[in-house]
S.K.: 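Okay, handing you the structure first.
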Amino acid sequence: MPARSTRTPERFGLDRLTTPIGNALLVTDADGALRALDWEDYEPRMRGLLRLHHGTVELTDRSAPAAMKIALSAYFEGELGQLSRIEWRIAGTPFQQKVWTALATIPAGTTMSYGALAAKIGVPRAIRAVGHANGSNPISVVLPCHRLIGADGSLVKYGGGLARKRWLLRHEGVEV
């Protein structure tokens with residue numbers, strides 16, 4: 001018989017925010033830090049990433065902090081610098097955390113290739129690993145994985161769909 005986990009499930013709150021590109025799901029911890037942001041039509045993917053990074057997770061309807069929702073709404077209304085006001089926490093491997101933390105340093109209105117990000121974090125040959133970590137990013141938009149593009153400038157993969165990636169980049173002033 002398989003061993004049962006005695007670990008207490010992580011408990012997070014789940015809220016929704018209407019944006020110009022769909023309903024965003026906001027997952028926050030007891031301290032009000034953002035743990036996941038994904039799109040309503042990708043909820044199974046978000047839940048899978050939460051399980052991968054936290055084990056058993058219980059989501060209950062709970063309002064995200066007002067300041068977080070105000071900052072996100074302001075971003076979608078054109079105040080691009082508001083994302084830096086959002087408190088977030090990540091779980092993942094040390095490499096994933098390094099990639100995700102580096103994503104937060106890519107300024108709005110700019111893009112970077114996967115290779116350039118790999119070089120920036122000191123592992124220039126780990127382009128595919130950076131891509132894989134980027135694809136497992138649980139905090140879309142705030143940790144701006146949409147700002148990563150192909151070496152040739154092409155839009156490649158986005159967990160929320162390429163139409164959203166295109167919208168986010170144009171919203172930030174990037175010609176795509």
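Everything numeric here is computed off the predicted structure, so don't read it as measured data. Side chains included, hydrogens not; waters and symmetry mates left out as well; all remaining heavy atoms used. Positions are given from 1, in the same order as the sequence printed here.
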S.K.: For the backbone of L143 and the side chain of N137, can you confirm whether one donor and one acceptor N or O come within less than 3.5 Å of each other?
M.R.: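 Side chain of N137 to backbone of L143, a donor-acceptor pair under 3.5 Å: yes, one is there.
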S.K.: If you measure from CG on L26 to CG on D38, what distance do you get to the nearest 0.5 Å?
M.R.: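 Answer for the CG-CG pair, L26 versus D38, is 10.5 Å.
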S.K.: Does any part of the side chain of I149, heavy atoms only, come nearer than 4.5 Å to the side chain of V174, both counted from C-beta?
M.R.: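 A side-chain contact under 4.5 Å is absent here.
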S.K.: Would you check if the side chain of S154 reaches a backbone N or O of V156 as a donor-acceptor pair within less than 3.5 Å?
M.R.: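 The answer is no, because no donor-acceptor pair under 3.5 Å joins these two groups.
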S.K.: What closest approach, in Å, do D15 and R62 show between heavy atoms, and which atom pair accounts for it?
M.R.: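 Nearest heavy atoms, D15 then R62: CB-O, 3.4 Å.
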S.K.: Could you measure the distance from the CG atom of L14 to the CD atom of E58? Nearest 0.5 Å is fine.
M.R.: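 Interatomic distance, L14 CG to E58 CD, rounded to 0.5 Å: 13.0 Å.
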S.K.: Could you check M68 against L37 for side chain to side chain contact (heavy atoms under 4.5 Å, CB included), going step by step and ending with a plain yes or no?
M.R.: CA-CA 11 Å; M68 178 184 297; L37 187 160; over 6 Å; no
S.K.: Begin with the C-alpha distance, continue with both residues' side-chain angles, and end with the deciding distance and a verdict on side chain to side chain contact (heavy atoms under 4.5 Å, CB included) for Y75 and T19.
M.R.: CA-CA 10 Å; Y75 166 82; T19 78; over 6 Å; no
S.K.: Looking only at heavy atoms, what is the nearest atom pair of V99 and N134, with distance?
M.R.: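 Scanning both residues completely, I find the closest heavy atoms to be CG1-N, 4.3 Å.
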S.K.: What's the verdict on ring pair (Phe, Tyr, Trp, His ring centres under 6.0 Å) for H53 and W100, showing C-alpha distance, side-chain angles and the deciding distance?
M.R.: CA-CA 13 Å; H53 299 305; W100 299 334; 5.2 Å; yes
S.K.: Honestly curious: do F12 and I90 fall in one hydrophobic cluster under the side-chain, below-4.5 Å linking rule?
M.R.: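 No, F12 and I90 fall in different hydrophobic clusters.
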S.K.: Return the minimal non-hydrogen interatomic distance between G22 and W39, and the atom names on each side.
M.R.: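 Reported closest heavy-atom pair: O-CZ3, 3.7 Å.
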S.K.: Does the plane of the ring in H171 sit parallel, tilted or perpendicular to the ring in F76? Use 30° and 60° as the thresholds.
M.R.: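 The rings of H171 and F76 lie parallel, inter-plane angle below 30°.
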S.K.: Would you name the heavy atoms of V176 and R170 that are closest together and state the gap between them?
M.R.: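 In this case the closest contact between V176 and R170 is O-NH2, 3.4 Å.
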S.K.: Using a 4.5 Å cut-off on heavy atoms from C-beta on, say whether the side chain of H132 contacts that of R128.
M.R.: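 Not touching, per the 4.5 Å side-chain cut-off.
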S.K.: Is it true that, when you exclude K157 itself, more than 12 heavy atoms of the residues, nucleotides or ligands shown sit nearer than 6.0 Å to its NZ?
M.R.: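 Not more than 12 within 6.0 Å, no.
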S.K.: Between A36 and M46, which heavy-atom pair has the shortest distance, and what is it?
M.R.: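 Closest heavy-atom pair between A36 and M46: CB-CG, 4.1 Å.
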S.K.: Does R147 form a salt bridge (Lys or Arg N to Asp or Glu O under 4.0 Å) with E172? I'd like the steps, not just the answer.
M.R.: CA-CA 10 Å; R147 295 180 189 153; E172 294 180 356; 2.8 Å; yes
S.K.: To the nearest 0.5 Å, what is the distance between CG (L25) and CZ (R16)?
M.R.: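 One gets 5.5 Å once the value is rounded to the nearest 0.5 Å.
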S.K.: If you look at every heavy atom in H54 and A91, which pair is closest and at what distance?
M.R.: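 Shortest heavy-atom contact: CE1-CB, 3.4 Å.
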S.K.: From L72 CG over to E79 CD, what is the distance, rounded to the nearest 0.5 angstrom?
M.R.: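 Those atoms lie 12.0 Å apart.
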S.K.: What is the distance from atom OH of Y42 to atom CZ of R164, rounded to the nearest 0.5 Å?
M.R.: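 These two atoms lie 6.5 Å from each other.
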S.K.: Could you grab the distance from atom CZ of F95 to atom OG1 of T93, nearest 0.5 Å is fine?
M.R.: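 Reported to 0.5 Å precision, the distance equals 7.5 Å.
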S.K.: Can any side-chain N or O of K165 pair as donor or acceptor with the backbone N or O of L155 at less than 3.5 Å?
M.R.: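 Between the backbone of L155 and the side chain of K165 there is no qualifying donor-acceptor contact (under 3.5 Å).
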S.K.: Report the C-alpha separation of I139 and L103 in whole Å, then their side-chain angles, then the decisive distance to 0.1 Å, and conclude whether the side chain to side chain contact (heavy atoms under 4.5 Å, CB included) test is met.
M.R.: CA-CA 11 Å; I139 306 177; L103 288 172; over 6 Å; no
S.K.: Are V142 and W167 co-members of a hydrophobic cluster defined by side-chain heavy atoms under 4.5 Å apart?
M.R.: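 The answer is yes; both residues are in one hydrophobic cluster.
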S.K.: Output, in order, the C-alpha distance, side-chain angles, deciding distance and verdict of side chain to side chain contact (heavy atoms under 4.5 Å, CB included) for L59 and L50.
M.R.: CA-CA 10 Å; L59 295 178; L50 286 168; 4.2 Å; yes
S.K.: Spell out, as yes or no, whether a donor-acceptor pair under 3.5 Å connects the side chain of T105 to the backbone of A102.
M.R.: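 Flag set: sc T105 to bb A102 pair under 3.5 Å.
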S.K.: Hey, any chance V57 and L52 share a hydrophobic cluster, counting ILVMFWY side chains that come within less than 4.5 Å of each other, even indirectly?
M.R.: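 No; tracing contacts between hydrophobic side chains, which count when under 4.5 Å, never links both residues.
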S.K.: With the 4.5 Å side-chain cut-off for hydrophobic clustering, are L148 and V141 part of the same group?
M.R.: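 Yes, L148 connects to V141 through the hydrophobic network.
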